[in-house]
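Computed from a prediction, not measured in an experiment: that's the story for all the values here. A, B, ... follow the sequence lines: proteins, then strands. Residue 1 opens every chain.
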Number of protein chains: 2
Amino acid sequence: MEDEAPAERPLTRIQQKNRQTILAAALEVFSQHGFRGATLDQIAEVAGLSKPNLLYYFPSKEAIHVELLSTLMDTWLDPLRALDPEGDPVEEILDYVRRKLELSRDYPRESRLFANEILQGAPRVSEVLEVELKSLVDEKAAVLSHWARAGRIADLPPHHLIFSIWALTQHYADFDVQVRAVLGPGHDPYAEADGFLDTLFRKLLAP
Amino acid sequence: MEDEAPAERPLTRIQQKNRQTILAAALEVFSQHGFRGATLDQIAEVAGLSKPNLLYYFPSKEAIHVELLSTLMDTWLDPLRALDPEGDPVEEILDYVRRKLELSRDYPRESRLFANEILQGAPRVSEVLEVELKSLVDEKAAVLSHWARAGRIADLPPHHLIFSIWALTQHYADFDVQVRAVLGPGHDPYAEADGFLDTLFRKLLAP
DNA sequence: CCTGTTCTCGACCGTTTGGTCAAACGGCAT
DNA sequence: ATGCCGTTTGACCAAACGGTCGAGAACAGG
């Protein structure tokens with residue numbers, strides 16, 4: 001028996017640059033049209049490369065999508081990881097809300113890519129949801145419960161409290177066109193949302 | 001000049017039944033895979049009809065999708081239309097939340113179909129959003145403002161208050177797999193959400 | 001029963017899709 | 001120059017796609 005994995009060579013500069021270019025283009029196209037709605041030709045055009053060249057750097061369309069999703073999941077969960085059990089309960093939660101809203105504002109394509117995946121039943125990330133995400137949420141839910149029992153925040157079902165943060169912040173990225181259509185011109189949805197969500201969660205969390 | 005519209009004949013029973021069958025199958029497939037991800041063969045198979053038969057009842061794939069969306073938009077806005085300016089403010093809003101959550105629970109596929117459309121930039125309903133939806137929301141936002149000025153509910157930006165209702169209720173339908181993955185087995189997401197959202201909005205709306 | 005209309009579908013068509021391949025290109029150490 | 005290796009692409013392929021067509025089956029009304 002010999003080594004199955006044949007000594008991965010380090011990536012050249014060209015490889016690093018082109019892989020990044022391709023992933024950026026793929027994010028643009030996948031987030032707008034979904035996995036099946038996106039075509040390699042589209043991605044290739046946005047990336048400024050030929051289609052066979054994409055497939056020189058990635059083995060398949062799906063591989064590009066998976067790569068995007070897996071790197072996404074990490075940065076997506078970071079704000080929740082940062083919720084500090086030792087900090088001030090209300091401020092910790094409000095910080096989390098703020099970070100989540102910033103993520104929606106600064107990375108709306110990532111948010112929509114994720115939303116697309118979940119909408120279709122999460123065929124490629126259901127494992128991550130059931131294991132990594134669940135255990136992280138359970139851990140932080142325990143913190144919230146602890147704070148509630150100590151009377152430092154209102155007594156609310158912790159999982160649903162977290163869902164409400166996800167729903168309220170991601171809504172501004174995922175339903176961007178609807179939000180802007182309803183508000184009309186001359187509004188900054190994210191600036192307004194920032195104040196609104198601050199008020200909302202302060203009132204909600206008050207014991 | 002003669003009549004452009006050539007005397008629409010009434011639909012036969014077979015036409016009514018088959019059109020309904022097709023729309024039901026299309027809803028199933030479109031809501032799961034999105035417009036471009038869905039294929040006529042899939043819809044035909046779910047409907048138990050042949051592909052040419054679908055195109056006997058609808059001129060194209062897009063026509064089926066448009067039909068679904070337009071009938072959807074009506075039922076989707078009904079709960080908001082029903083918000084009564086003469087009723088008790090908090091109870092009216094809580095009724096709206098409840099109706100919206102019921103819609104998510106009983107018609108999750110419709111919710112996901114709509115979410116899919118908005119995610120892709122609402123190419124087929126942007127007009128409806130900017131005109132019908134906007135004017136309806138503006139009208140009801142005025143009611144909320146009035147209630148706030150009268151000190152009957154908390155003073156909150158009315159548009160964002162409505163957004164928060166949409167976000168919180170639709171989240172349970174659109175992100176169903178994520179909610180269930182995080183909660184684990186043995187939970188009834190909608191039952192729990194019902195109580196949680198009741199608490200949330202009562203605290204939020206208290207002046 | 002016959003006759004005209006409605007309905008159904010196998011076979012087919014042109015296009016688009018994800019993916020392959022061999023040939024060519026480019027920089028660079030010898 | 002030469003040979004080498006990472007890179008790039010035009011040409012191509014099989015499968016899947018939305019949609020068409022014509023011929024036959026089912027259903028009316030008389």
Side-chain angles (χ1 to χ4, degrees), chain A residues 6-69 113 116-117 120 123-124, chain B residues 6-69 113 116-117 120 123-124:
Chain A
E8 287 191 15
R9 324 173 126 272
L11 299 179
T12 67
R13 285 151 223 102
I14 296 181
Q15 279 170 347
Q16 281 185 18
K17 189 186 61 124
N18 280 350
R19 282 180 61 95
Q20 279 314 110
T21 306
I22 291 168
L23 288 174
L27 173 61
E28 181 72 31
V29 178
F30 279 140
S31 66
Q32 200 167 77
H33 303 288
F35 178 72
R36 294 211 41 191
T39 73
L40 285 177
D41 294 271
Q42 267 180 292
I43 299 173
E45 199 191 328
V46 173
L49 299 172
S50 67
K51 184 171 63 170
N53 211 3
L54 295 199
L55 295 161
Y56 172 75
Y57 289 102
F58 291 91
S60 68
K61 180 187 179 184
E62 177 142 358
I64 303 177
H65 194 239
V66 168
E67 174 91 15
L68 275 177
L69 277 178
L113 183 78
N116 248 308
E117 179 68 11
Q120 335 253 299
R124 287 163 244 271
Chain B
E8 285 190 18
R9 324 175 124 270
L11 299 179
T12 67
R13 285 154 223 100
I14 296 181
Q15 279 171 348
Q16 282 185 19
K17 189 185 62 120
N18 279 351
R19 283 180 61 96
Q20 279 314 110
T21 307
I22 291 168
L23 288 173
L27 173 62
E28 181 73 32
V29 179
F30 279 138
S31 66
Q32 200 168 77
H33 302 288
F35 178 72
R36 292 212 43 191
T39 72
L40 285 177
D41 293 272
Q42 267 179 293
I43 299 173
E45 199 191 328
V46 173
L49 299 170
S50 68
K51 184 170 64 171
N53 212 2
L54 295 199
L55 295 161
Y56 173 76
Y57 290 102
F58 292 91
S60 68
K61 181 188 180 184
E62 177 141 359
I64 302 177
H65 193 241
V66 167
E67 174 92 15
L68 275 177
L69 277 178
L113 183 77
N116 247 308
E117 179 69 12
Q120 333 254 302
R124 286 163 244 272

> Rounded to whole angstrom units, what separation is found between the CZ atom of A:R19 and the P atom of D:dT7?
Replying inline: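 About 11 Å, once rounded to whole Å.
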
> Can you tell me how far P of C:dC7 sits from NZ of B:K17, to the nearest Å?
Replying inline: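 After rounding, the reported distance stands at 11 Å.
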
Using atom types as modelled and distance alone, determine if a side-chain donor or acceptor of [X] lies under 3.5 Å from a backbone N or O of [Y].
X: A:Q20; Y: A:K17; result: no
X: A:E117; Y: A:R124; result: yes
X: B:Q32; Y: B:V29; result: no

> Considering only heavy atoms, which members of residues 39-55 of chain B lie under 4.0 Å from some atom of DNA chain C?
Replying inline: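 Those residues are B:S50, B:P52, B:N53.
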
> Going by number, which of residues 56-68 of chain B have a non-hydrogen atom under 4.0 Å from DNA chain C?
Replying inline: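 B:Y56, B:Y57 - these, ordered by number, are the residues of the stretch whose heavy atoms sit under 4.0 Å from the strand.
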
>> Can you pull out every salt bridge (Lys or Arg N to Asp or Glu O under 4.0 Å) where at least one residue sits in residues 29-38 of chain B? Sequence neighbours excluded, please.
In response: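 Listed by first then second residue: nothing to list.
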
>> For A:Y57, give me all partners under side-chain hydrogen bond (donor to acceptor under 3.5 Å, both in side chains), at least two apart in sequence or on another chain.
In response: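 In terms of side-chain hydrogen bond (donor to acceptor under 3.5 Å, both in side chains), with neighbours along the sequence ignored, A:Y57 is linked to A:N18.
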
Enumerate the protein-to-nucleotides 22-25 of chain D contacts in which both atoms are nitrogen or oxygen and the separation is below 3.5 Å.
none

> Is there any ring-ring contact (aromatic ring centres under 6.0 Å, His included) pair reaching into residues 17-43 of chain A, and which pairs are they, with sequence neighbours excluded?
Replying inline: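 Found A:F30-A:F35, A:F30-A:H65, A:F35-A:H65.
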
> How far apart are the closest heavy atoms of A:L40 and A:L54, and which atoms are they?
Replying inline: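 Looking at all heavy atoms of both residues, the closest pair is O-CD1, 3.7 Å.
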
>> Tell me the closest heavy-atom pair linking B:A25 and B:I43, and the distance in Å.
In response: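 Looks like CB-O, 3.6 Å.
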
> Are any of the side-chain nitrogens in A:K51 or A:E45 under 4.0 Å away from the carboxylate oxygens of its partner?
Replying inline: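 No.
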
> How far apart are the C-alpha atoms of B:N116 and A:Q120, what are their side-chain angles, what is the distance that settles it, and do they pass the side chain to side chain contact (heavy atoms under 4.5 Å, CB included) test?
Replying inline: CA-CA 9 Å; B:N116 247 308; A:Q120 335 253 299; 3.9 Å; yes

>> Please determine whether a side-chain nitrogen or oxygen atom of A:R36 lies at a distance below 4.0 Å from atom OP1 or OP2 of D:dC17.
In response: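 For A:R36, the contact criterion (side-chain N or O under 4.0 Å from OP1 or OP2 of D:dC17) is met.
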
